[in-house]
Asker: 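First the structure, which I've put down as structure tokens, then a few questions once you've had a look.
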There are 2 protein chains.
Amino acid sequence: MDSRHLQQVRRFNRAVTRRIGALADDYLGCGRPLGEARLLFEIGREGADVRDLRARLALDSGYLSRLLRSLERQGLVSSRRAADDGRVRRAVLTAKGRSELDALERRSQDAAAALLAPLGERQRERLVAAMGEVERLMRAAAVTIEPADPDSADARACIETYFRELDERFEGGFDPARGPSAEPEELVPPAGLFLIARLDGRPVGCGALKLRGKGMGEIKRMWVEPASRGLGIAQRLLDALERHAAEAGVNVLRLDTHRALDEARSLYVRNGYAETAPYNANPYAHHWFEKRGLRRRS
Amino acid sequence: MDSRHLQQVRRFNRAVTRRIGALADDYLGCGRPLGEARLLFEIGREGADVRDLRARLALDSGYLSRLLRSLERQGLVSSRRAADDGRVRRAVLTAKGRSELDALERRSQDAAAALLAPLGERQRERLVAAMGEVERLMRAAAVTIEPADPDSADARACIETYFRELDERFEGGFDPARGPSAEPEELVPPAGLFLIARLDGRPVGCGALKLRGKGMGEIKRMWVEPASRGLGIAQRLLDALERHAAEAGVNVLRLDTHRALDEARSLYVRNGYAETAPYNANPYAHHWFEKRGLRRRS
DNA sequence: TCATTTACCTGACTAAAGTCAGGTAATGGA
DNA sequence: TCCATTACCTGACTTTAGTCAGGTAAATGA
């Protein structure tokens, strides 16, 4: 990797942790330990399940428990059993807690304003734009792509959202029963592969590969949630599927797609897929693509 | 201030502290408390005076002492009296300390690489560029501009560096004795004003104002160190001087400049200064400017 | 020369943050 | 129905980070 890039990243890390860290401590602290402040933030106006808090803040169960008791003693938070599962507790802010959160948010706002204040209008715009870019691309970098059981809850949720989107985008709607099959059992090794892209554990996209034998493979279920598009996730899913296909001995990879899905079509064209004659009778397909001569990547 | 800007800054803070913070702790920690790791970093290969370490890390004297003793016990650092001042101690890394620093830097490098690894080449370039921009502009925002005694060590250092630069840039060199005077006593209120721009306490630029009575003022000693140019520091110095001049009742502000100093000339033109006939016999001046009708800013 | 300042140190604290080993109650699958 | 799992809690720790009040030695300025 380019060592100037690494240098820049390290300089950035140092600069940002110094400046942001200093501001965050001064402003957010406000007499309260940082852990409690973060917890108030994370509970938020809608409240949160303790289980989720533990995951989001990556805290020890006992430690979190104690933090919550402390906030309860201060009258900022109340908690009770969750309605649907008696084991989990749901924490919500009291009126006092909400006004404390307001104060925190005001301070956070002030910290942001203090950072921008010394700059002129044009510099300010450029800084904000660059921050947006960094945030977006760091988000992209935090996306992981891993094989998953196509029958798992996350996988089902992805596919369901995917189908719902197709139903909205196709002029005549979409009925999964009418298209060609891709049952869960067809998408687990050795018959195929199902990948989920996750951001901080939450599924944000998926893609699948169906191995048809004789060096043939088919790409299915390529989808990225709307809020996470433009981060190169589909490209990474496709890369991973192609790598797996090549390792499974696939020479010809094909797929079909609907005319409404322009961004998908351009992804495939960009990746060397060529339009071919229809290879199936999918009523929702208007374009058929194939790519020959997959290479194993080093 | 634009609330979308503030929102973006806050989102950025959160995103960055989560991702960088997590990386920094995991990688840099490496079994060692963060404080000690930071200290090793800060001592660096050339060693450092304890006094400077205290200032740079903003640590309590007693706390720093203890951290140093701990590193000494681990055989990573040795310290002895400074040669020139028996009160200050100089800390240097031992061979073991240097190899520990190597390990730390390798980890930091790895963390940077891990951040970039999932991205494609183009995204990587954009992220690095945006990080550079953020770092640069946050540096710009951290610059403070304050009045200073023109006779202080920092002020003298600024002026000396300024003169040395003039001596290099002017074809025939520069001899301060031959130009018009701006003695320290002329640059303290109420006769005038001397401003120093600082980044983390270190002077990076200066600017002065000489009040000549009858609504006349003159800008002098405008300088920004080469490494900090392009951050809008000169603009902020000029703004501050103009503000002070307006408050002191100045109507006409003038200045002279050398033909070699293009960037200065364009700064003045951009700020509404108009070229006029020579108002002095400064042998180093080729352009004379003045600005009329200064306004008090709200 | 002598008081003051500066640089650093030690000892005695405290608060925050985090870990770990056990517990209890609710849930869910065999 | 029962047993493993999950979610959460409590108590008993440790480590890290930081503060504060004093103290010593070197340097500095009147």
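Given the structure is predicted, the values throughout are model-derived calculations rather than measurements. Throughout, protein chains are lettered first and strands after them, A, B, ... in sequence-line order, and every chain is numbered starting at 1.
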Asker: Using the side-chain heavy atoms of B:L34, tell me which of these nucleotides is nearest: D:dA12, D:dA17, C:dA12.
Answerer: D:dA17
Asker: Once you round it to whole Å, what is the distance between P of D:dC20 and CG of B:L59?
Answerer: 14 Å
Asker: Can you tell me if B:R54 touches the phosphate of C:dC8, counting only side-chain N or O atoms and a distance under 4.0 Å to OP1 or OP2?
Answerer: yes
Asker: With respect to the phosphate group of C:dC9, does any side-chain polar atom (N or O) of B:R87 fall under 4.0 Å of OP1 or OP2?
Answerer: no
Asker: Quick check on A:R80: does its CZ atom have over 12 non-hydrogen neighbours (other residues, nucleotides or ligands) under 6.0 Å away?
Answerer: no
Asker: Mind checking if A:G62 touches a base, just sugar-phosphate, or nothing, with heavy atoms under 4.0 Å?
Answerer: base
Asker: Do we see a donor-acceptor contact under 3.5 Å between the side chains of B:Q8 and B:R11?
Answerer: yes
Asker: Atom CZ of B:R80 to atom P of C:dC9: distance rounded to whole Å?
Answerer: 14 Å
Asker: Can you tell which of C:dG18, C:dC9, D:dA7 lies closest to the side chain of A:V88?
Answerer: D:dA7
Asker: Can you identify which nucleotide, out of D:dA17, C:dA17, C:dC9, has its nearest atom closest to the A:P33 side chain?
Answerer: C:dA17
Asker: Check this for me: does the side-chain of A:R66 come within 3.5 Å of the base of D:dG11 through a donor and an acceptor?
Answerer: yes
Asker: I'd like to know whether CZ of A:R45 has more than 12 heavy-atom contacts from other residues, nucleotides or ligands below 6.0 angstrom.
Answerer: yes
Asker: Starting from P on C:dC9, measure out to CG on B:L67 and report it in whole angstrom.
Answerer: 11 Å
Asker: How is B:R69 classified with respect to the nucleic acid when contacts are heavy atoms under 4.0 Å: base, sugar-phosphate, or nothing?
Answerer: sugar-phosphate
Asker: Do A:E225 and A:S228 have side-chain N/O donor and acceptor atoms under 3.5 Å apart?
Answerer: yes
Asker: Could you check whether B:D85 gets within reach of a base, just the sugar-phosphate, or nothing at all, counting any heavy atom under 4.0 Å?
Answerer: sugar-phosphate
Asker: Check every atom of C:dA25, C:dC8, C:dA17 against the side chain of A:Y63 and return the nucleotide holding the closest atom.
Answerer: C:dA17
Asker: Just N and O in the side chain of B:R81: are any of them under 4.0 Å from OP1 or OP2 of D:dA25?
Answerer: no
